[in-house]
J.: 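Got a structure here, written out as structure tokens. Questions coming.
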Amino acid sequence: MEPYKLGAWEISQKIRNRELTARECIVSFLSRIDSLEPKVKAYVSVLREAVLKKAEKIDKKVKRGERVGMLAGVAVAVKDNICTKGVKTTCASKILENFVPPYDATVVERIEAEDGIVIGKTNMDEFAMGSSTETSYFGPTRNPWDLSRVPGGSSGGSAAAVSAQEAPLALGSDTGGSIRCPASFCGVVGLKPTYGLVSRYGLIAYANSLEQIGPLARGTYDCALLLSVIGGYDERDSTSVNRAPRDYTRSLGKDLRGLKVGVLRELIGLGTDEAVVKAVLECASKLEEMGALCQEISLPVLSYALPAYYLIAMSEASSNLARYDGVRYGYRTEVDLDWNQVFSKSRREGFGAEVKRRIILGTYALSAGYYDRFFLKSLKVATLIKRSFEKAFQQVDVLLAPTMPLLPFRLGEKIDNPLALYMCDVDTVPVNLAGLPAVSFPCGFHQGLPIGAQVIAPPFREDLALQVSFAYEQAAAFKGRTPTL
Amino acid sequence: MALSKRHISKEEVEHVAWLARLELSEEEKELYTQQFNDILDYFQKLNELDTEGVPPTLHVLELVNVFRKDEVKPSLPPEEALANAPRKRGRFFEAPRIL
């Protein structure tokens, strides 16, 4: 079998057992990338020479009988808002088009410490602001299941790369659904960790109180494997939580007998595509067949999550993106004028439409006279949402909901209507406001397009969410299905 | 509140964009004014919810005062710190004139 078809764990096992070399694997992925990228456009950059050298180093280690890491020879696609030393990290923005970080993000260091190989940087919505990967300065990524449709966003390149077998693993970031949305649209597994579990050191900030880096893979086991590698305390991120490292592959395979699953009524309510509702309810019955106890749970306050999320995210964005001044790094206008003019022209020329929209609205929400009405109000709503989840978790172990209220839509279908695009995030944002972990996994197909369900767990109970996803995946009728490309 | 209520005028959009040091074209000003009014209409939904006496979530984790030892550690050498500067002069960033 071609190595690119293998999962991450299989690859590292085969390399360790000398059934395959790291070089063969990397070459297989590079040729897969060469043949598919003209169609899919998942990557912003591919690190051709560097990856071969790294693969050869790993092969030497194996040959000499030295210890090799858990991700030995495994190609990992990394979202282009995660810093890679000496490798351009653009946030898919003109303003960072030529930015070369002088350091690696903690997650990248951890992947390399386990002998994983960063094979390329993936496309995304500019500064992670979007749900379709259409706002990228470099142009959109396509959905591998239907090239006329969006892959979701903002980590659309990462999800598409994994779905199209252009990498077995990828990293994304999730501020309001940016891992789970593309995982759902591309038919892969994606996990948003509990806030504070994975270091944000080296993640270029958009709304830092909400976002986490997380793994994407074609199966739950590989997703758990990558989470085990990247999770854990990092003193360089002051919001990192000091907890013992954990192997998330261990809870997989436990049966679901007696597990209490709450099906979120609000998120399967009005406005959700019928095919999605049907698939998620069928998923719930399947979990019941496996011994889980499902019940409907109603959290009415969740219908206020979307405006609260957008106001908080935009406010933080307006502050975080103030660093792009055209002086220390990033794009600077050619015009030689005074400070204010150079500053505002560089930003006019360097940022795309959606980024500008969010900076201005965020500035507005934080400005005198509006702060209480918008920003403070949203933070209070976040408290109510967090409390309602806490209450729900007194009744059930995990919650089940659709990841997205709709099927992958066509390129260009929503991009001219920002509010319509924001509405797509209605099912994913409550999780970020409450800082909870959630995993999105494929729960069905409709007319050849994947549908995702998400399992939401209490803080630091990624193991429970992954356990459900793994159990469902083993029983799913469509197990192992891949897009035809 | 009526749905047709205009929340923000073109002049206000211009002013807020200036606060954010973001120059806009005439076309952008028109478009954003329209879009912001639609978006702010939707955001009004928050007013339906009574949040009297509810504390704001400033941070989802209850972390307070994360300290570390105040030790001198190696920092980025000047040439690396300057490597991404669009303009530099010697060991300095070249900034636009301020006065």
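We name chains A, B, ... by the order of the sequence lines, and we start the count at 1 in each one. What you see is a predicted model; the values in this text were computed from it and never measured.
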J.: Please identify, among B/Ala17, B/Ala95, B/Ala20, B/Pro56, the residue contributing the most non-hydrogen atom pairs under 4.5 Å to chain A.
T.: B/Pro56
J.: Specify the closest pair of heavy atoms between B/Pro86 and A/Gly326, including all atoms of both residues, with the distance to one decimal.
T.: CG-O, 3.3 Å
J.: Once rounded to the nearest 0.5 Å, what's the spacing between atom CG of A/Leu419 and atom CZ of B/Phe36?
T.: 12.5 Å
J.: Examine whether an atom of B/Leu61 lies under 4.5 Å from a heavy atom of chain A, and if so say whether it belongs to the side chain, the backbone or both; otherwise answer neither.
T.: side chain
J.: Going by ring pair (Phe, Tyr, Trp, His ring centres under 6.0 Å), name the pairs with one or both residues in residues 70-99 of chain B, residues two or more places apart or in two chains.
T.: none
J.: Given heavy-atom pairs under 4.5 angstrom as the criterion, report whether the side chain, backbone, both or neither of A/Leu210 touches chain B.
T.: neither
J.: Under 4.5 Å heavy-atom distance to chain A, tell me which part of B/Leu22 shows up: side chain, backbone, both or neither.
T.: both
J.: Given heavy-atom pairs under 4.5 angstrom as the criterion, report whether the side chain, backbone, both or neither of B/Leu40 touches chain A.
T.: side chain
J.: Any idea which of A/Val381, A/Val342, A/Leu361, A/Ile359 has the most non-hydrogen atom pairs under 4.5 angstrom with chain B?
T.: A/Leu361
J.: I need the minimum non-hydrogen distance between B/Leu76 and A/Pro102, along with the two atoms involved.
T.: CD2-CG, 3.8 Å
J.: Out of A/Ile385, A/Leu376, A/Leu384, which one racks up the most heavy-atom pairs below 4.5 Å with chain B?
T.: A/Leu384
J.: Would you please test B/Leu19 and A/Ile360 for side-chain contact (heavy atoms from CB on, under 4.5 Å) and show each step?
T.: CA-CA 9 Å; B/Leu19 294 177; A/Ile360 300 170; over 6 Å; no
J.: Between A/Gly196, A/Pro459, A/Ala353, A/Ala322, which shows the greatest number of heavy-atom pairs under 4.5 Å with chain B?
T.: A/Ala353
J.: By a 4.5 Å heavy-atom criterion (distance strictly below it), what part of A/Ile312 contacts chain B: side chain, backbone, both, or neither?
T.: neither
J.: Are there donor-acceptor atom pairs under 3.5 Å between chain A and chain B, and if so which?
T.:
residue: A/Val100; atom: N; partner: B/Asn84; partner atom: OD1; Å: 2.9
residue: A/Val100; atom: O; partner: B/Asn84; partner atom: ND2; Å: 2.8
residue: A/Glu235; atom: OE2; partner: B/Lys73; partner atom: NZ; Å: 3.4
residue: A/Tyr304; atom: OH; partner: B/Glu48; partner atom: OE1; Å: 2.8
residue: A/Arg328; atom: O; partner: B/Ala85; partner atom: N; Å: 3.4
residue: A/Arg332; atom: NH1; partner: B/Glu94; partner atom: O; Å: 2.6
residue: A/Arg332; atom: NH2; partner: B/Glu94; partner atom: O; Å: 3.3
residue: A/Asp336; atom: OD1; partner: B/Arg87; partner atom: NH1; Å: 3.4
residue: A/Trp339; atom: N; partner: B/Arg97; partner atom: O; Å: 2.8
residue: A/Asn340; atom: OD1; partner: B/Arg21; partner atom: NE; Å: 2.7
residue: A/Ser344; atom: O; partner: B/Glu23; partner atom: N; Å: 3.2
residue: A/Lys345; atom: NZ; partner: B/Glu23; partner atom: OE1; Å: 3.0
residue: A/Lys345; atom: NZ; partner: B/Glu23; partner atom: OE2; Å: 3.1
residue: A/Arg347; atom: NE; partner: B/Ala20; partner atom: O; Å: 3.3
residue: A/Arg347; atom: NE; partner: B/Arg21; partner atom: O; Å: 2.8
residue: A/Arg347; atom: NH2; partner: B/Ala20; partner atom: O; Å: 3.0
residue: A/Arg348; atom: NH1; partner: B/Glu23; partner atom: OE2; Å: 2.6
residue: A/Ala353; atom: O; partner: B/Tyr32; partner atom: OH; Å: 2.9
residue: A/Lys356; atom: NZ; partner: B/Glu28; partner atom: OE2; Å: 2.9
residue: A/Arg357; atom: NH1; partner: B/Gln35; partner atom: OE1; Å: 2.7
residue: A/Lys377; atom: NZ; partner: B/Leu49; partner atom: O; Å: 2.7
residue: A/Lys377; atom: NZ; partner: B/Thr51; partner atom: OG1; Å: 3.1
residue: A/Leu379; atom: O; partner: B/Thr57; partner atom: N; Å: 3.0
residue: A/Thr383; atom: N; partner: B/Thr57; partner atom: OG1; Å: 3.3
residue: A/Thr383; atom: OG1; partner: B/Pro55; partner atom: O; Å: 2.6
residue: A/Thr383; atom: OG1; partner: B/Thr57; partner atom: N; Å: 3.0
residue: A/Thr383; atom: OG1; partner: B/Thr57; partner atom: OG1; Å: 2.7
residue: A/Lys386; atom: NZ; partner: B/Val60; partner atom: O; Å: 3.1

